[in-house]
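Computed from a predicted model, the values in this text were never measured in an experiment. Reminder, nothing fancy here: chain letters follow the sequence lines and each chain counts from 1. All values below were derived from every heavy atom in this structure, side-chain atoms included, with hydrogens, water molecules and symmetry-related copies excluded.
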2 protein chains.
Amino acid sequence: MSQQTAKKTKQNKPSYHHGDLRSTLLNAANALLRETGIEGLSLRKLADKVGVSRTAPYHHFKDKNQLLCAIAEQGFVRWHQDAEFIFNQKGLLPQEKYRQFFHGYISYAADNPELYDLMFGRTIWKQNSATEELRKAAFPSFHHQVEMTKKWQAQGLMPSGEDTLRLSQVTWGTMHGIARLLIDGIYADRSHIDAMCDCAVNLFTQHISEVKG
Amino acid sequence: MSQQTAKKTKQNKPSYHHGDLRSTLLNAANALLRETGIEGLSLRKLADKVGVSRTAPYHHFKDKNQLLCAIAEQGFVRWHQDAEFIFNQKGLLPQEKYRQFFHGYISYAADNPELYDLMFGRTIWKQNSATEELRKAAFPSFHHQVEMTKKWQAQGLMPSGEDTLRLSQVTWGTMHGIARLLIDGIYADRSHIDAMCDCAVNLFTQHISEVKG
DNA sequence: TTGTTATCTTGACAGCGTCAACATATGCTT
DNA sequence: AAGCATATGTTGACGCTGTCAAGATAACAA
């Protein structure tokens with residue numbers, strides 16, 4: 001019993017082939033992920049929701065892992081766009097830009113908790129099951145973080161005495177840790193998110209007045 | 001087909017009742033968790049390993065969740081002991097003590113990755129499925145962190161201008177984030193753990209020479 | 001048109017958590 | 001000591017899961 005409209009041709013007659021199943025699956029999977037989390041996302045429910053048989057998705061994704069990687073990949077692309085937007089703003093003091101970046105990161109996680117869990121969780125990375133496409137989408141985000149840290153050190157915003165790689169690992173670790181404590185249900189009270197972010201930014205940065213880049 | 005020695009009486013005859021099944025299950029579950037992670041820990045494998053039928057564990061744990069909570073509870077007790085040992089050391093400079101605490105936290109996570117995942121992961125907390133016993137074992141750890149932060153602020157080790165709760169949320173978030181990035185397989189290279197911890201400690205503390213307590 | 005390939009279907013299997021019904025041992029009450 | 005309640009163990013069954021195998025259908029290329 002299919003939950004969704006059955007696949008149709010342009011003449012609105014049901015057809016054996018779907019025609020656009022891969023992207024339809026991806027969209028439905030995103031919605032299902034958001035509603036039920038990774039644990040609740042089953043291929044069978046997904047197929048049922050889209051209106052195809054249980055094994056139809058296997059012609060577009062080798063297995064469940066490949067579907068999950070494809071979803072995560074989209075998540076990285078979208079986050080990268082958000083980050084780029086923040087970095088490309090003109091006329092902001094470095095500290096204000098860093099502050100927005102920090103808040104933006106936590107907001108992205110808080111707004112897409114299940115997606116964030118998938119993007120940075122052990123389901124994919126600990127099993128070493130990331131596809132090549134996913135790695136290509138994810139690594140630039142990591143790398144970008146290091147590049148920006150180097151720049152912030154040069155600007156005097158962050159302590160130049162610390163090794164750049166270590167510093168970016170720690171600052172990213174902080175964002176990741178706060179994000180996880182939030183989305184995993186340990187920090188139940190979300191009314192203090194902004195205050196927490198501001199506190200972290202204060203700890204990591206020194207006030208400077210000149211805009212260098 | 002049981003994998004383990006069948007339960008025996010003192011006369012070495014197999015007996016219908018196990019006699020100590022609950023703690024036997026807990027021990028075996030700990031081992032299984034360490035080997036296979038939460039995902040790989042199934043009640044059926046566990047029962048088989050211990051040499052009882054699939055449903056025998058249900059007489060000692062209401063469901064799988066209660067077993068997981070019991071394991072996590074032990075994890076919090078053990079961590080609390082480790083932390084107490086560090087805090088009770090005499091004659092250490094505050095910064096050195098904080099440094100050891102930070103390293104100790106990360107080491108505990110790195111040495112017991114699957115247990116840490118269970119203790120602080122969404123399996124338990126996001127589903128809001130923690131038992132009362134688990135909460136009683138976990139909350140003191142959270143609370144203790146706040147108390148120590150207050151002390152460190154008073155000692156001048158940490159910035160007194162920040163709200164204590166926010167500060168402890170951020171510092172704990174940092175430890176948690178680094179721990180998770182490690183055990184979830186995102187920071188694959190573990191040779192820099194100590195350097196990362198030291199970098200974080202540097203960022204969060206100011207050098208002071210007097211031992212106040 | 002014919003044959004190849006892509007796509008979708010049903011059937012099947014093993015593993016999972018867990019409920020129901022039944023079996024057996026333990027231990028308390030008389 | 002006898003009997004009965006309770007604790008603890010067992011097998012059977014159900015619905016859920018991911019995924020393989022084999023067959024059906026449509027699209028496409030020669």
Side-chain angles (χ1 to χ4, degrees), chain A residues 1-11 13-26 28-29 32-33 36-71 123-124 127 129, chain B residues 1-11 13-26 28-29 32-33 35-71 118 123-124 127 129:
Chain A
M1 184 168 57
S2 67
Q3 313 286 5
Q4 199 89 340
T5 61
K7 59 277 178 179
K8 322 240 180 178
T9 63
K10 289 168 189 168
Q11 294 82 31
K13 279 187 284 184
S15 80
Y16 192 81
H17 284 357
H18 183 283
D20 196 23
L21 187 52
R22 193 191 140 94
S23 66
T24 304
L25 284 171
L26 266 179
L32 210 50
L33 176 72
T36 66
I38 300 180
E39 298 306 319
L41 200 172
S42 85
L43 286 182
R44 297 172 100 111
K45 267 189 287 187
L46 175 62
D48 190 51
K49 191 174 182 180
V50 169
V52 293
S53 73
R54 333 167 217 115
T55 57
Y58 283 87
H59 291 273
H60 302 273
F61 302 97
K62 185 180 148 292
D63 53 20
K64 188 179 182 179
N65 176 67
Q66 287 225 352
L67 171 67
L68 294 179
C69 285
I71 301 170
T123 303
I124 288 179
Q127 324 286 344
S129 64
Chain B
M1 186 168 55
S2 67
Q3 312 285 5
Q4 200 90 339
T5 60
K7 59 277 177 178
K8 321 238 180 178
T9 63
K10 290 169 189 168
Q11 295 82 30
K13 280 188 283 184
S15 80
Y16 192 83
H17 283 11
H18 183 284
D20 197 22
L21 187 52
R22 193 192 140 94
S23 67
T24 304
L25 283 170
L26 266 179
L32 210 52
L33 176 71
E35 295 163 17
T36 66
I38 300 179
E39 297 307 319
L41 199 172
S42 84
L43 285 184
R44 298 172 100 109
K45 268 190 285 186
L46 175 62
D48 191 50
K49 192 176 182 179
V50 169
V52 293
S53 72
R54 323 162 229 124
T55 57
Y58 283 88
H59 290 276
H60 301 273
F61 302 96
K62 185 180 147 291
D63 53 20
K64 188 179 183 180
N65 175 67
Q66 287 225 353
L67 171 67
L68 294 179
C69 286
I71 302 172
L118 182 60
T123 303
I124 288 179
Q127 325 284 344
S129 65

What about B/Arg54: does its side chain form a donor-acceptor pair under 3.5 Å with the base of D/dG12?
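Yes, the side chain and the base share a sub-3.5 Å donor-acceptor pair.
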Once you round it to whole Å, what is the distance between [atom2] of [N] and [atom1] of [X]?
| X | N | atom1 | atom2 | value |
| --- | --- | --- | --- | --- |
| B/Asn65 | C/dC16 | CG | P | 18 Å |
| A/Lys62 | D/dG18 | NZ | C1' | 12 Å |
| A/Leu41 | D/dC16 | CG | C1' | 15 Å |
| B/Asp63 | C/dG17 | CG | P | 11 Å |
| B/Phe61 | C/dG17 | CZ | C1' | 16 Å |
| B/Glu39 | D/dT17 | CD | P | 15 Å |
| B/Asp48 | C/dC16 | CG | P | 10 Å |
| B/Ile38 | C/dG17 | CD1 | P | 13 Å |

If you only use heavy atoms from C-beta on, which nucleotide in [options] is closest to the side chain of [X]?
| X | options | answer |
| --- | --- | --- |
| A/Ser53 | C/dC8, C/dT9, C/dA20 | C/dT9 |
| B/Arg44 | D/dA13, C/dT7, D/dT19 | D/dA13 |
| B/Leu21 | D/dG9, C/dA12, C/dT9 | D/dG9 |
| B/Ser42 | C/dG17, D/dG18, C/dT9 | C/dG17 |
| A/Lys45 | C/dT9, D/dT11, D/dT17 | D/dT17 |
| A/Leu43 | C/dC8, D/dT19, C/dG17 | D/dT19 |
| B/Ala56 | D/dG9, C/dC8, D/dT19 | D/dG9 |
| A/Thr55 | D/dC20, D/dT11, D/dT10 | D/dC20 |

To the nearest 0.5 angstrom, please state how far the [atom1] atom of [X] sits from the [atom2] atom of [Y].
| X | Y | atom1 | atom2 | value |
| --- | --- | --- | --- | --- |
| B/Tyr58 | B/Leu43 | OH | CG | 5.0 Å |
| A/Cys69 | A/Lys62 | SG | NZ | 10.0 Å |
| A/Glu39 | B/Gln127 | CD | CD | 7.5 Å |

Donor-acceptor contact below 3.5 Å, side chain B/Asn65 vs main chain B/Ser129:
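Yes; at least one donor-acceptor contact below 3.5 Å.
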Flag the pair B/Lys49 and B/Glu35 as a salt bridge only when some basic side-chain nitrogen lies within less than 4.0 angstrom of an acidic carboxylate oxygen.
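A salt bridge is present here (some side-chain N lies under 4.0 Å from a carboxylate O).
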Would you say C/dT9 has OP1 or OP2 under 4.0 Å from some side-chain N or O of A/His59?
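A/His59 to C/dT9 OP1/OP2: no side-chain N or O under 4.0 Å.
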